[in-house]
Amino acid sequence: MALWDRFKDSAQTMQTQLNAKKNDLKSGGFRDASMAMCALVAAADGSIDASERQRVASLIATNDVLKNFAADDLQTRFNDYCQKLTADFDFGKVSVLQTIGKVSKKPTEARAVIQIGIVIGGADGNFDKSEQAVVREACFALGIAPTEFDL
């Protein structure tokens, strides 16, 4: 199976798993960590262009698991994390990874945040090396072995 097909299948599998856990993913910590993850993946290459921001915003609005939260609240949080990352990527990344790390004591939420990162990263059909790297860093922030997600 081609690498792209594996990533596509993996993203679809992740989304199915997320949907199955939807009722367990309603905390504010999960909301914040998932938006931080979305911003981190969007900024993985060091910048966030308008099309990337729009694509991620669209995915946030249509993701069944994230429908547990008000769309405008998610958008505001996503934009705030994006602002931190674009103002100073390295410092912003530390802050965003700390937010992600706050769900480390809740394994279901922690794994769901990683799954959201993979779904967002693969949404454009190309889960590139920089996106994989930031999701791997999020795994470390959460105390999850990246190999669990083939990263």
Side-chain angles (χ1 to χ4, degrees), residues 3-22 24-86 89 92-104 106 108-142 144 146-151:
L3 183 62
W4 158 240
D5 289 333
R6 282 202 343 255
F7 280 129
K8 191 167 69 172
D9 289 348
S10 178
Q12 289 170 343
T13 300
M14 299 283 172
Q15 188 59 54
T16 300
Q17 290 171 352
L18 282 169
N19 289 344
K21 298 174 193 161
K22 181 178 178 179
D24 298 330
L25 303 172
K26 294 183 177 181
S27 78
F30 171 72
R31 175 202 59 214
D32 294 348
S34 61
M35 290 304 95
M37 176 61 89
C38 289
L40 186 60
V41 171
D45 63 359
S47 66
I48 307 170
D49 63 38
S51 66
E52 206 165 21
R53 190 182 288 255
Q54 180 55 43
R55 187 188 74 222
V56 174
S58 173
L59 285 165
I60 290 168
T62 59
N63 185 290
D64 282 341
V65 174
L66 296 176
K67 287 182 181 176
N68 284 334
F69 308 102
D72 57 341
D73 184 32
L74 293 177
Q75 186 69 45
T76 298
R77 291 171 192 281
F78 171 70
N79 287 334
D80 289 347
Y81 293 123
C82 286
Q83 180 57 39
K84 284 182 180 182
L85 290 162
T86 54
F89 182 75
K93 185 165 79 166
V94 169
S95 174
V96 166
L97 286 170
Q98 286 176 337
T99 299
I100 291 169
K102 288 180 182 178
V103 297
S104 64
K106 298 180 178 180
T108 298
E109 291 183 11
R111 282 173 176 73
V113 168
I114 297 302
Q115 290 171 322
I116 284 176
I118 293 168
V119 168
I120 294 293
D124 64 354
N126 181 27
F127 190 38
D128 66 39
K129 296 274 187 217
S130 61
E131 292 167 337
Q132 291 175 41
V134 296
V135 174
R136 204 171 14 259
E137 286 183 69
C139 284
F140 292 126
L142 290 165
I144 297 172
T147 53
E148 186 177 325
F149 296 95
D150 293 329
L151 294 170

When rounded to the nearest 0.5 angstrom, what is the spacing between [atom1] in [X] and [atom2] in [Y]?
X	Y	atom1	atom2	answer
Phe127	Asp150	CZ	CG	10.5 Å
Arg31	Glu109	CZ	CD	11.0 Å
Leu66	Asn68	CG	CG	8.0 Å
Met37	Ile120	CE	CD1	10.0 Å
Leu97	Lys102	CG	NZ	12.5 Å
Thr108	Gln115	OG1	CD	9.5 Å

Checklist entry - Can any side-chain N or O of Asp32 pair as donor or acceptor with the backbone N or O of Thr99 at less than 3.5 Å? => result no
Next on the checklist: Can a donor-acceptor pair be found, under 3.5 Å and without considering hydrogens, that links the side chain of Thr76 to the backbone of Asp72?
Outcome noted: yes
Provide the closest heavy-atom pair for [X] versus [Y] in the form atom of the first, atom of the second, distance.
X	Y	answer
Val65	Asn63	N-OD1, 2.9 Å
Leu85	Ala43	CD1-CB, 3.9 Å
Ala44	Phe89	O-CZ, 4.4 Å
Ser104	Ala141	CB-O, 4.3 Å
Leu142	Ile100	CD2-O, 3.1 Å
Ile48	Ala39	CD1-O, 4.3 Å

Checklist entry - Would Asp80 and Arg77 pass as an ion pair if we require N to O under 4.0 Å? => result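 Not counted as a salt bridge, because no side-chain N and carboxylate O are separated by less than 4.0 Å.
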Next on the checklist: Could you check whether any side-chain heavy atom of Phe149 comes within less than 4.5 Å of a side-chain heavy atom of Arg136, counting everything from C-beta outward?
Outcome noted: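 They are not in side-chain contact.
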Next on the checklist: side-chain contact (heavy atoms from CB on, under 4.5 Å) for Ile116 and Phe30? Distances and angles first, verdict last.
Outcome noted: CA-CA 11 Å; Ile116 284 176; Phe30 171 72; 3.6 Å; yes
